[in-house]
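Dropping a structure here in structure tokens format, bear with me for questions.
Because the structure is a prediction, the values reported are computed rather than measured.
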Amino acid sequence: MTSEKGPSTGDPTLRRRIEPWEFDIFYDPRELRKEACLLYEIKWGMSWKIWRSSGKNTTNHVEVNFIEKFTSERRFHSSISCSITWFLSWSPCWDCSQAIRKFLSQHPGVTLVIYVARLFWHTDQQNRQGLRDLVNSGVTIQMMTASEYYHCWRNFVNYPPGEEAHWPRYPPLWMMLYALELHCIILSLPPCLKISRRWQNHLTFFRLRLQNCHYQTIPPHILLATGLIQPSVTWR
């Protein structure tokens, strides 16, 4: 059964929710929209309360906007921990990765988990190094899966009444291909994913180019999950 109601009018996050059409155009992994969107959760210390809100690009990237807003509105005490979860439509660029590292180095009580819908200019070597630097600094970076999309739909989107369970189902293969490329980035391997866009018919093409180093280094279950390679079978 699905709820016949949308988000409760008493929900304190209601005014900070985005509309369904915004969620779809920002977080569809097949779309290469230039603007970025950030949905975030903040949890302080041992409190069970979670603060949720959203942000978009302005003259700055959305990650920098978050850091500036967060540090200007909060006074930190080193004895209080803070857990932050980001759901980004694009992964951080090189400059944003450096800004995030600086922010975390200045606030050691903060932990950050980042889920991303797409990889931003993933063949650019600086962007790739920036993501590795974040991981080496203790940041968890993962591609969004169906579980994260459903979580965001329920908690960040002003979905219509009766539509709680009707969140967008994006092709799992797209998510798996991005996850494969993210592994390549973290493992310092060459890019294996090529993405092109035909603007006249609004189609996005994904092309996988695996080299020997990919087969030798990437965990087999990651490669098998794409469905593009077959498991080896030993006959007796």
Side-chain angles (χ1 to χ4, degrees), residues 1-43 49-70 72-74 83-93 96 100 112-121 141-179 195 197-204 206:
M1 294 181 64
T2 61
S3 171
E4 293 301 319
K5 300 179 180 179
S8 169
T9 55
D11 183 351
T13 70
L14 187 59
R15 64 182 176 85
R16 299 189 296 274
R17 288 174 178 251
I18 64 174
E19 295 303 312
W21 65 267
E22 292 180 290
F23 182 71
D24 197 30
I25 63 173
F26 276 114
Y27 285 89
D28 186 339
R30 299 164 297 185
E31 295 295 329
L32 304 182
R33 185 179 179 86
K34 292 182 178 180
E35 299 85 359
C37 181
L38 167 63
L39 308 174
Y40 61 87
E41 299 177 335
I42 304 173
K43 183 174 177 292
K49 293 183 179 180
I50 298 176
W51 170 266
R52 294 186 175 97
S53 193
S54 62
K56 299 172 186 173
N57 280 7
T58 56
T59 54
N60 293 323
H61 283 189
V62 68
E63 299 94 327
V64 174
N65 287 339
F66 172 91
I67 292 171
E68 291 180 350
K69 177 180 174 64
F70 189 73
S72 66
E73 293 181 351
R74 302 284 179 175
S83 300
I84 301 174
T85 303
W86 284 359
F87 302 91
L88 276 166
S89 59
W90 284 108
S91 62
C93 68
C96 287
I100 295 167
L112 177 62
V113 175
I114 302 177
Y115 293 97
V116 298
R118 298 179 294 267
L119 296 172
F120 179 75
W121 286 105
I141 305 178
Q142 295 182 13
M143 300 307 304
M144 290 178 66
T145 65
S147 176
E148 284 74 45
Y149 279 105
Y150 179 51
H151 175 84
C152 288
W153 179 262
R154 288 193 61 196
N155 293 288
F156 292 99
V157 179
N158 186 27
Y159 55 83
E163 298 293 315
E164 179 179 345
H166 295 169
W167 47 280
R169 267 68 165 181
Y170 301 120
L173 178 59
W174 279 203
M175 306 176 201
M176 293 176 186
L177 291 175
Y178 272 124
I195 302 173
R197 178 77 166 172
R198 291 186 180 175
W199 297 106
Q200 63 271 24
N201 50 15
H202 303 287
L203 293 177
T204 303
F206 291 72

Pairwise side-chain contact, Cys152 with Tyr27, heavy-atom cut-off 4.5 Å (strictly under): no
Arg169 side-chain N/O to Trp167 backbone N/O, donor-acceptor pair under 3.5 Å: yes
Tyr40 side, atom OH; Ile84 side, atom CD1 - distance, nearest 0.5 Å: 9.5 Å
side-chain hydrogen bond (donor to acceptor under 3.5 Å, both in side chains) partners of Asp28, counting only residues at least two apart: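 If we apply the side-chain hydrogen bond (donor to acceptor under 3.5 Å, both in side chains) test to Asp28, skipping adjacent residues, the hits are Arg30.
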Pairwise side-chain contact, Ile195 with Tyr178, heavy-atom cut-off 4.5 Å (strictly under):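 When only atoms from C-beta onward are counted, Tyr178 and Ile195 do touch, with a gap below 4.5 Å.
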All side chain to side chain contact (heavy atoms under 4.5 Å, CB included) counterparts of Met175, not counting sequence neighbours: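 If we apply the side chain to side chain contact (heavy atoms under 4.5 Å, CB included) test to Met175, skipping adjacent residues, the hits are Tyr149, Tyr170.
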Check: Ser54 side chain, Leu39 main-chain N or O, donor-acceptor pair, under 3.5 Å: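 No, the answer is negative, given that no donor and acceptor are paired below the 3.5 Å cut-off.
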Spacing of CZ belonging to Arg17 relative to CH2 belonging to Trp153, to within rounding of 0.5 Å: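 Answer for the CZ-CH2 pair, Arg17 versus Trp153, is 10.5 Å.
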Interatomic distance, Glu22 atom CD to Lys56 atom NZ [nearest 0.5 angstrom]: 3.5 Å
Set of residues satisfying side chain to side chain contact (heavy atoms under 4.5 Å, CB included) with respect to Thr58, sequence neighbours excluded: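 Partners of Thr58 under the side chain to side chain contact (heavy atoms under 4.5 Å, CB included) test: Asn60, Asn65.
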Heavy-atom closest contact (Met144 atom, Leu88 atom, distance): SD-O, 4.3 Å
Set of ring pair (Phe, Tyr, Trp, His ring centres under 6.0 Å) partners for His151, sequence neighbours left out: Phe87
Minimum-distance pair of heavy atoms, taken over all atoms of Ser53 and Phe156: O-CE2, 3.5 Å
Within-4.5 Å side-chain heavy-atom neighbours: Ser91 and Ile141: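 No - every pair of side-chain heavy atoms lies 4.5 Å or more apart.
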Spacing of CD belonging to Glu41 relative to CG belonging to Asn155, to within rounding of 0.5 Å: 6.0 Å
Salt bridge (charged side-chain N to carboxylate O under 4.0 Å, His left out) partners for Glu19, two or more places apart: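 Checked Glu19 against salt bridge (charged side-chain N to carboxylate O under 4.0 Å, His left out); zero matches.
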Tyr159 OH to Arg154 CZ distance, which is reported to the nearest 0.5 Å: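 Here the interatomic distance stands at 6.5 Å.
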Backbone N/O of Cys37 and side chain of Ser89: donor-acceptor pair under 3.5 Å: yes
Distance (rounded to the nearest 0.5 Å) between Ile42 CD1 and Lys49 NZ: 14.5 Å
Ring pair (Phe, Tyr, Trp, His ring centres under 6.0 Å) involving Phe26 - partner list, sequence neighbours excluded: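 Expected list: none.
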Closest non-hydrogen atom pair, Pro29 against Ala117: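 Answer, listing the atom of Pro29 first, then Ala117: CB-O, 3.8 Å.
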Pair Arg33 + Glu31: basic N to acidic O under 4.0 Å: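 Judged by the 4.0 Å cut-off on N to carboxylate O distance, Arg33 and Glu31 do not form a salt bridge.
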Nearest heavy-atom neighbours spanning Trp90 and Leu119: CZ3-O, 3.3 Å
